[in-house]
Amino acid sequence: MASEIDNPRSGSTTNGESSPCPPRKVALITGITGQDGSYLTEFLLDKGYEVHGLIRRSSNFNTQRINHIYIDPHNAHKARMKLHYADLTDASSLRRWLDTILPDEVYNLAAQSHVAVSFEIPDYTADVVATGALRLLEAVRSHIAATGRNHIRYYQAGSSEMFGSTPPPQSETTPFHPRSPYAASKCAAHWYTVNYREAYGIFACNGILFNHESPRRGENFVTRKITRAVGRIKTGLQSKLFLGNLQASRDWGFAGDYVEAMWMMLQQEKPDDYVVATEDSHTVEEFLQVAFGYVGLNWQDHVVIDKRYFRPTEVDNLKGDASRAKKVLGWKPKVGFEQLVKMMVDEDVELAKREKVLVDAGFMDAQQQP
Ligand code: NDP
Ligand code: GDR
């Protein structure tokens with residue numbers, strides 16, 4: 001699915017005709033196949049951008065979240081989203097695509113983003129999340145030095161996990177106290193980004209985003225794990241849901257709202273770092289209550305606590321203070337907690353109904369669970 005690209009700076013439209021319009025803005029996104037990458041791509045395409053995504057090789061297709069906006073590159077005049085093979089662990093690929101694509105904006109969303117998994121594969125997590133960000137920043141720096149394209153802007157996907165055990169409310173001035181290899185790696189990426197801004201004058205921003213969810217959320221994050229289970233229990237495909245710590249609190253927003261904040265940061269006069277959050281926090285147990293209650297189920301009848309899902313060190317309480325983003329960017333979330341949970345449950349009930357058709361027809365094993 002990865003494509004050869006046209007040169008977006010050729011001064012002509014993608015169908016080869018000359019155009020009096022200024023050239024489209026060009027964005028380069030790492031992590032385009034992830035939850036945020038898919039929403040950001042839709043958002044930027046709507047704004048008229050040409051979007052280039054770096055995808056990594058996998059033995060199965062990993063483009064499910066963006067298939068609906070993919071246009072075969074053989075219809076090059078229609079395709080404004082293009083995909084290229086690269087990897088945050090491969091510095092040469094990053095520099096090569098920067099030199100070829102000539103982006104105006106670079107969004108670094110790629111990560112081994114699962115906190116619990118980062119305890120299992122800490123070395124790899126650091127390589128992708130910390131050193132990967134450094135590789136991309138260095139590629140941007142050397143690209144600017146070689147081409148003089150110093151208008152290029154860089155977004156780093158930072159995380160509320162960096163605050164770790166520091167009590168809420170957490171803002172841009174709250175000290176970091178990371179509680180996992182993932183969070184420590186995000187802290188390193190944060191400071192690399194600050195350093196490249198200060199040392200080389202690169203327009204680089206850290207978005208410190210609190211948890212954001214959607215029907216496209218990976219199925220092993222707690223919100224989606226719960227809403228998938230609600231759908232499957234409701235349709236009779238599953239009866240139990242195994243979870244870990246139900247007392248952790250998170251500031252959960254909608255991913256579609258949060259990608260707009262990423263873009264807004266790069267439209268400012270000066271680069272800066274911003275907390276993006278709803279300023280509203282709920283426990284995992286409260287999420288369970290809303291999700292199960294919405295379809296008339298009692299979560300206590302189905303949830304089983306499994307020690308396997310507890311982490312060596314937990315982040316107990318995250319609740320953001322997004323005053324700077326509200327004041328400077330004019331950003332505010334549109335989707336609240338209950339609306340978010342219901343949106344995810346609605347989609348997962350529909351998904352479970354489709355699964356049931358396959359199970360009933362003998363094409364799928366009902367025991368298969370995320
Ligand atoms: P996902 O896990 O859904 O997506 C991660 C993306 O990174 C995928 O496209 C994945 O590719 C890609 N990726 C992983 N490893 C590599 C690699 N070595 N080289 C290139 N690409 C790679 O994450 P989200 O969309 O939820 O999050 C986006 C970013 O924001 C991440 O950096 C995450 O850490 C950060 N973040 C997320 C928050 C959230 O609540 N969602 C909150 C704060 C920060 P593949 O599809 O092949 O696996
Ligand atoms: P988080 O999200 O660690 O906040 O990181 P996750 O949904 O994995 O966990 C949230 C809380 O739920 C508790 N929990 C469980 N978590 C999972 N995954 N599975 C379970 O069965 C389970 N039971 C209880 C966890 O202990 C935790 O307290 C997400 C990721 O998107 C990061 O990349 C991002 O940086 C942060 O959000 C902000």
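Only heavy atoms go into these numbers, but all of them, side chains included; no hydrogens, no water, no symmetry mates. For ligands, and for the atoms within them, numbers begin at 1 and follow the listed sequence. It should be emphasised that the depicted structure is a prediction, and the values quoted were computed from it without experimental measurement.
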Looking only at protein heavy atoms, which one is nearest to [atom], and what is the separation?
atom	result
atom 40 (O) of ligand 1	His212 N, 2.8 Å
atom 25 (O) of ligand 1	Asp36 N, 2.8 Å
atom 44 (C) of ligand 1	Gly158 O, 3.2 Å
atom 11 (O) of ligand 1	Thr33 OG1, 3.3 Å
atom 30 (O) of ligand 1	Ala157 CB, 3.5 Å
atom 29 (C) of ligand 1	Leu109 O, 3.1 Å
atom 3 (O) of ligand 1	Gln35 N, 3.1 Å

For the pair [X] and [Y], find out whether any cationic side-chain nitrogen is under 4.0 Å from an anionic carboxylate oxygen.
X	Y	value
Glu285	Arg250	no
Asp90	Arg56	no
Lys342	Asp346	no
Lys240	Asp306	no

Subject >> Passing option when Leu136 is tested against Asn108, Thr193, Leu54 for side-chain contact (heavy atoms from CB on, under 4.5 Å) >> reply: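 Output: one option passes, namely Asn108.
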Subject >> Worked check of ring pair (Phe, Tyr, Trp, His ring centres under 6.0 Å) between Tyr39 and Phe254 >> reply: CA-CA 10 Å; Tyr39 283 107; Phe254 171 53; 5.6 Å; yes
**OP:** May I ask you to check if Lys225 and Tyr309 form a cation-pi contact, with NZ or CZ under 6.0 angstrom from the six-membered ring centre and within 45° of the axis?
**Re:**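 Relative to the ring axis of Tyr309, which defines the angle, Lys225 lies inside both limits.
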**OP:** Please say whether the positively charged group of Arg224, taken as NZ for Lys or CZ for Arg, lies over the ring of Phe221, i.e. under 6.0 angstrom from the six-membered ring centre and within 45 degrees of the axis.
**Re:**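 Judged by the rule, Arg224 and Phe221 form no cation-pi pair.
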Measuring centre to centre across the rings, with the benzene-like ring taken for any Trp, is [X] within less than 6.0 Å of [Y]?
X	Y	result
His177	Phe163	no
Tyr258	Trp331	yes
Phe287	His282	no

Subject >> Working for side-chain contact (heavy atoms from CB on, under 4.5 Å), residues Lys356 and Lys353 >> reply: CA-CA 5 Å; Lys356 180 133 189 348; Lys353 282 183 191 161; 5.6 Å; no
**OP:** Mind jotting down which protein residues get a heavy-atom contact under 4.0 Å with ligand 2? Chain and number order, please.
**Re:**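 Around ligand 2, where the cutoff is 4.0 Å for heavy atoms, the contacting residues are Ser113, His114, Val115, Ser159, Ser160, Glu161, Tyr182, Asn211, Arg217, Asn220, Phe221, Val222, Lys225, Phe242, Leu243, Gly244, Asn245, Ala248, Arg250, Val284, Tyr309, Arg311, Glu314.
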So if I count the atoms of ligand 1 from 1 in the order they appear, which ones are less than 4.0 Å from some heavy atom of [X]?
X	answer
Asn62	47 (O)
Gly34	3 (O), 4 (O), 8 (C), 9 (O), 25 (O)
Asn211	40 (O)
Asp87	17 (C), 18 (N), 19 (N)

Original post:
What about Trp191 and Val128, same hydrophobic cluster or not, with Ile/Leu/Val/Met/Phe/Trp/Tyr joined at side-chain heavy-atom distances under 4.5 Å?
Top reply: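 No, Trp191 and Val128 fall in different hydrophobic clusters.
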Can you figure out which of [options] has its heavy atom closest to [atom]?
atom	options	value
atom 23 (O) of ligand 1	Ala133, Ser113, Ala110	Ser113
atom 5 (C) of ligand 1	Ala111, Ala86, Gly31	Ala111
atom 36 (N) of ligand 1	Phe210, Phe61, Tyr182	Tyr182

Original post:
Is there a donor-acceptor pair under 3.5 Å between the side chain of Asp348 and the backbone N or O of Gly231?
Top reply: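 No, the answer is negative, given that no donor and acceptor are paired below the 3.5 Å cut-off.
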Subject >> Exercise: identify the closest heavy-atom pair between Val359 and Asp365 >> reply: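 The answer is CG2-C, 4.4 Å.
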**OP:** Taking all heavy atoms of Val315 and all of Ala248, pick out the closest pair and write down the distance.
**Re:**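 For Val315 versus Ala248, the nearest heavy atoms are O-CB, 4.0 Å.
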Subject >> More than 12 heavy atoms of other groups within 6.0 Å of Lys326 NZ >> reply: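 Count over threshold, so yes.
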Original post:
CG of Asp123: more than 12 outside heavy atoms within 6.0 angstrom?
Top reply: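 Counting other residues, nucleotides and ligands, CG of Asp123 stays at 12 neighbours or fewer.
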Original post:
Given the rule in the side-chain contact (heavy atoms from CB on, under 4.5 Å) test, do Asp104 and Arg153 qualify, once you have shown the distances and angles that lead to the verdict?
Top reply: CA-CA 6 Å; Asp104 302 296; Arg153 295 177 174 209; over 6 Å; no
Tell me whether [X] has any N or O atom under 3.5 angstrom from an N or O of ligand 1.
X	value
Leu209	no
Gln112	no
Ser160	no
Glu213	no
Arg56	yes
Leu88	yes
Thr89	no

Close approach of [X] to ligand 1, heavy atoms, under 4.0 angstrom:
X	result
Lys186	yes
Ala255	no
Arg217	yes
Tyr124	yes

Original post:
Between Val128 and ligand 1, which residue portion shows a heavy-atom distance shorter than 4.0 Å: side chain, backbone, both, or neither?
Top reply: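 Side chain only; the backbone of Val128 stays clear of ligand 1.
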